[in-house]
**Q** 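Here it is, the structure in full.
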Protein chains: 2
Amino acid sequence: MARFNKVTIIGVGLIGGSIGLAIKNRHAARLVTGVFRHASTLKRALKARAVDRGVMDIASGVKDADLVILATPVHFIPELVAKVLRSAKPGTIITDAGSTKEWIVRSVEKFQGKGSRVHFIGSHPMAGSEHTGVEYAVSDLFEDSPCIVTKTPKTDPKAVRKVALFWKSLGGRVRVMSPVEHDRTVSLISHLPHVVSFSLAGAVPGKALICAAEGFKDTTRVASSDPDLWADIFLTNRQAVVSAGRLFNTYAARVLKAIADNDRRTLVSLLKKAKANRDRNLYAKKV
Amino acid sequence: MARFNKVTIIGVGLIGGSIGLAIKNRHAARLVTGVFRHASTLKRALKARAVDRGVMDIASGVKDADLVILATPVHFIPELVAKVLRSAKPGTIITDAGSTKEWIVRSVEKFQGKGSRVHFIGSHPMAGSEHTGVEYAVSDLFEDSPCIVTKTPKTDPKAVRKVALFWKSLGGRVRVMSPVEHDRTVSLISHLPHVVSFSLAGAVPGKALICAAEGFKDTTRVASSDPDLWADIFLTNRQAVVSAGRLFNTYAARVLKAIADNDRRTLVSLLKKAKANRDRNLYAKKV
């Protein structure tokens with residue numbers, strides 16, 4: 001397995017903290033440094049043993065790093081990459097864990113000089129939960145989870161391979177694709193479910209929820225996610241999310257029309273198609 | 001706790017089998033009889049210890065019963081009640097576990113003679129899973145689960161109380177309401193999530209699903225439910241489900257419009273409202 005000597009994580013919350021724990025657990029690097037904005041978060045991260053040491057400024061945190069991982073909310077990522085580029089040594093690879101890729105990768109490629117010897121490779125480990133904070137970090141978060149690594153005409157193939165091997169070393173099922181393909185894919189399998197889940201949680205009157213059982217709970221679990229974080233994810237992938245929403249609306253309208261029309265044959269066929277699609281493809285781990 | 005001497009379950013699948021196991025576990029009755037259509041199902045139910053004995057015809061299964069529970073798909077329930085009425089002794093209470101109530105209760109009250117000494121009380125234990133079959137039955141399925149028992153101007157208050165106490169004795173959080181109120185409530189918290197979940201599972205192309213993670217999996221879990229069973233649930237509660245669908249569509253349209261318009265302030269406010277509604281009310285166990 002690819003092994004980095006020094007890894008630095010900027011943003012040590014649920015995701016960043018789980019990366020730290022997974023690295024230690026899998027011996028994927030020798031030293032894990034966390035970069036923090038608040039002393040209190042540093043303290044919590046050390047208590048959770050998510051990092052070996054913590055620093056309060058990016059320059060000192062990344063200057064010796066072989067791999068820098070940005071695990072912050074998406075809208076901070078491009079400006080943080082710019083900061084890391086100023087302090088990282090040649091050969092350093094920077095990656096991230098953001099849920100959208102086209103906006104991030106394009107922003108970075110705009111300001112990154114040609115022939116730069118520090119590489120940025122977009123990543124999206126598709127794991128997490130509705131919780132936030134390093135207290136929820138777990139060492140097996142990425143085990144058997146899909147992880148998308150992006151390549152573009154400008155990315156260095158060796159750096160792409162190293163980042164892919166890194167996520168594999170944490171247990172991820174890695175797939176390499178373009179940022180555009182990533183954004184279209186996750187708009188369907190992650191962003192759309194969040195839109196649907198938030199809409200369901202918002203639409204149902206609170207009074208009725210008192211009787212709600214497991215079905216409602218699971219269908220809306222991700223609606224307990226952080227609203228600010230998800231607003232930025234949706235807004236950095238607008239076009240794909242809106243298209244995914246149209247796809248959903250079309251199917252839902254057909255289901256509701258079949259119910260309104262008392263058209264059992266059409267209704268059963270729509271429900272069967274949906275169940276088969278989920279049962280057949282969701283557990284097909286061909287990544 | 002109310003204790004029945006002899007309970008008969010018609011339809012011993014996931015729900016009926018779990019009722020049998022829960023009765024034994026909680027000592028809520030002395031003898032549990034199952035009524036079967038197929039010898040193979042009888043064998044599986046005995047193996048799962050879900051019933052003490054099994055019979056192949058309704059008349060002999062219910063003739064001594066104090067409580068008869070119909071745990072079959074909804075569209076069989078009214079005709080089964082009619083059959084049970086012909087063989088049950090005076091004082092027997094019949095209840096069910098169907099997911100819609102107005103259609104079932106109204107159908108039964110139409111053919112049930114005035115002053116009948118056998119009582120039908122509608123029930124809806126809101127527990128279950130996407131699986132079917134007695135092999136998935138578990139003794140704690142109803143523990144801490146909401147359970148709605150219905151009353152109408154025609155129901156016997158004593159019988160309603162006995163049925164409510166029965167579900168309580170299996171661990172349920174019981175609420176008594178009219179069939180119409182039940183149908184409106186569950187259209188929002190159970191039927192609508194199923195419509196949404198099936199639509200999501202049907203709309204997303206299978207190819208994208210290979211990368212899907214926990215978020216998609218949970219949001220669509222109930223779309224792996226039985227399509228025929230759910231078609232009948234939706235169709236016996238058409239008006240309420242269609243209204244619930246409209247409520248959802250309105251919220252989802254606002255979310256998608258805010259994304260399309262890049263309107264962060266509106267988007268965050270919609271997501272926050274949704275999260276707060278779920279977090280505040282879903283775990284408020286005031287039933």
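Naming: A, B, ... by sequence-line order, numbering from 1 per chain. The basis for the numbers below is simple: all heavy atoms, side chains too, and nothing from hydrogens, waters or symmetry mates.
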**Q** Between Cys211(A) and Arg175(B), is any pair of side-chain heavy atoms under 4.5 Å apart?
**A** yes

**Q** Find the one option among Asn262(B), Leu270(B), Asp226(B) whose heavy-atom pairs under 4.5 Å with chain A are most numerous.
**A** Asn262(B)

**Q** Given that the side chain runs from C-beta out, which part of Thr220(A) has a heavy atom under 4.5 Å from chain B: side chain, backbone, both or neither?
**A** both

**Q** With no hydrogens and no angle check, is any side-chain donor or acceptor of Lys275(A) less than 3.5 Å from a backbone partner on Ala223(B)?
**A** no

**Q** So how far is it from Ile259(A) CD1 to Ile233(B) CD1, rounded to the nearest 0.5 Å?
**A** 11.0 Å

**Q** Check whether Val204(B) gets within reach of chain A through its side chain, its backbone, both or neither, counting any heavy atom under 4.5 Å.
**A** both

**Q** For Pro205(B), run the side chain to side chain contact (heavy atoms under 4.5 Å, CB included) check against Asn277(A), Leu188(A), Asn281(A) and tell me which one passes.
**A** Leu188(A)

**Q** Between chain B and each of Gly245(A), Ala213(A), Ala276(A), Ala212(A), count heavy-atom pairs under 4.5 Å; write down the option with the most.
**A** Ala212(A)

**Q** Please look at Val222(B) and chain A and tell me whether the side chain, the backbone, both or neither of the residue comes under 4.5 angstrom of a heavy atom of that chain.
**A** side chain

**Q** If you take all heavy atoms of Val196(B) and Phe248(A), which pair is closest and at what distance?
**A** O-CE1, 3.5 Å

**Q** Is a salt bridge present between Asp232(B) and Arg264(A), judged by a nitrogen-to-oxygen distance below 4.0 Å?
**A** yes

**Q** Do Phe234(A) and Leu271(B) have side chains that get closer than 4.5 Å, going by heavy atoms?
**A** yes

**Q** Please look at Val268(A) and chain B and tell me whether the side chain, the backbone, both or neither of the residue comes under 4.5 angstrom of a heavy atom of that chain.
**A** both

**Q** Which answer fits Ser269(A), side chain, backbone, both or neither, if we ask what part of it has an atom under 4.5 Å from a heavy atom of chain B?
**A** neither

**Q** Heavy-atom distances under 4.5 Å only: say whether Ile148(A) touches chain B with side chain, backbone, both or neither.
**A** side chain

**Q** Among Asn237(A), Leu256(A), Thr185(A), who wins on heavy-atom pairs under 4.5 Å with chain B?
**A** Leu256(A)

**Q** Can you measure from OG (Ser199(B)) to CG (Asn249(A)) and round to the nearest 0.5 angstrom?
**A** 9.5 Å

**Q** To the nearest 0.5 angstrom, please state how far the OG1 atom of Thr219(A) sits from the CZ atom of Arg278(B).
**A** 9.5 Å

**Q** Distance from Phe216(A) atom CZ to Ile189(B) atom CD1, nearest 0.5 Å?
**A** 8.0 Å

**Q** For a quick test of reading the model, state the closest non-hydrogen atom pair linking Leu247(B) to Ala203(A) and the distance between them.
**A** CD2-O, 3.4 Å

**Q** Are the side chains of Lys272(B) and Asp228(A) in touch, meaning some heavy atoms are under 4.5 Å apart?
**A** yes

**Q** Could you have a look at Gly215(B), Ala252(B), Gly206(B) and say which one has the most heavy-atom pairs with chain A under 4.5 angstrom?
**A** Gly206(B)

**Q** Please check if atom CD in Gln239(B) has more than 12 non-hydrogen atoms from other residues, nucleotides or ligands closer than 6.0 Å.
**A** no

**Q** Of all the heavy-atom pairs spanning Ala274(A) and Ala201(B), show the shortest one and how long it is.
**A** O-CB, 3.6 Å

**Q** Pick one of side chain, backbone, both or neither for Ser224(B), based on which atoms fall under 4.5 Å of a heavy atom in chain A.
**A** both

**Q** Could you measure the distance from the CG atom of Asp218(B) to the CD atom of Glu214(A)? Nearest 0.5 Å is fine.
**A** 10.5 Å

**Q** Looking at CG of Leu200(B) and CG of Leu200(A), how far apart are the two atoms once the value is rounded to the nearest 0.5 Å?
**A** 11.0 Å

**Q** Tell me which of these, Arg246(A), Arg238(A), His194(A), has more heavy-atom pairs under 4.5 Å with chain B than the rest.
**A** Arg238(A)

**Q** Given heavy-atom pairs under 4.5 angstrom as the criterion, report whether the side chain, backbone, both or neither of Ala244(B) touches chain A.
**A** neither

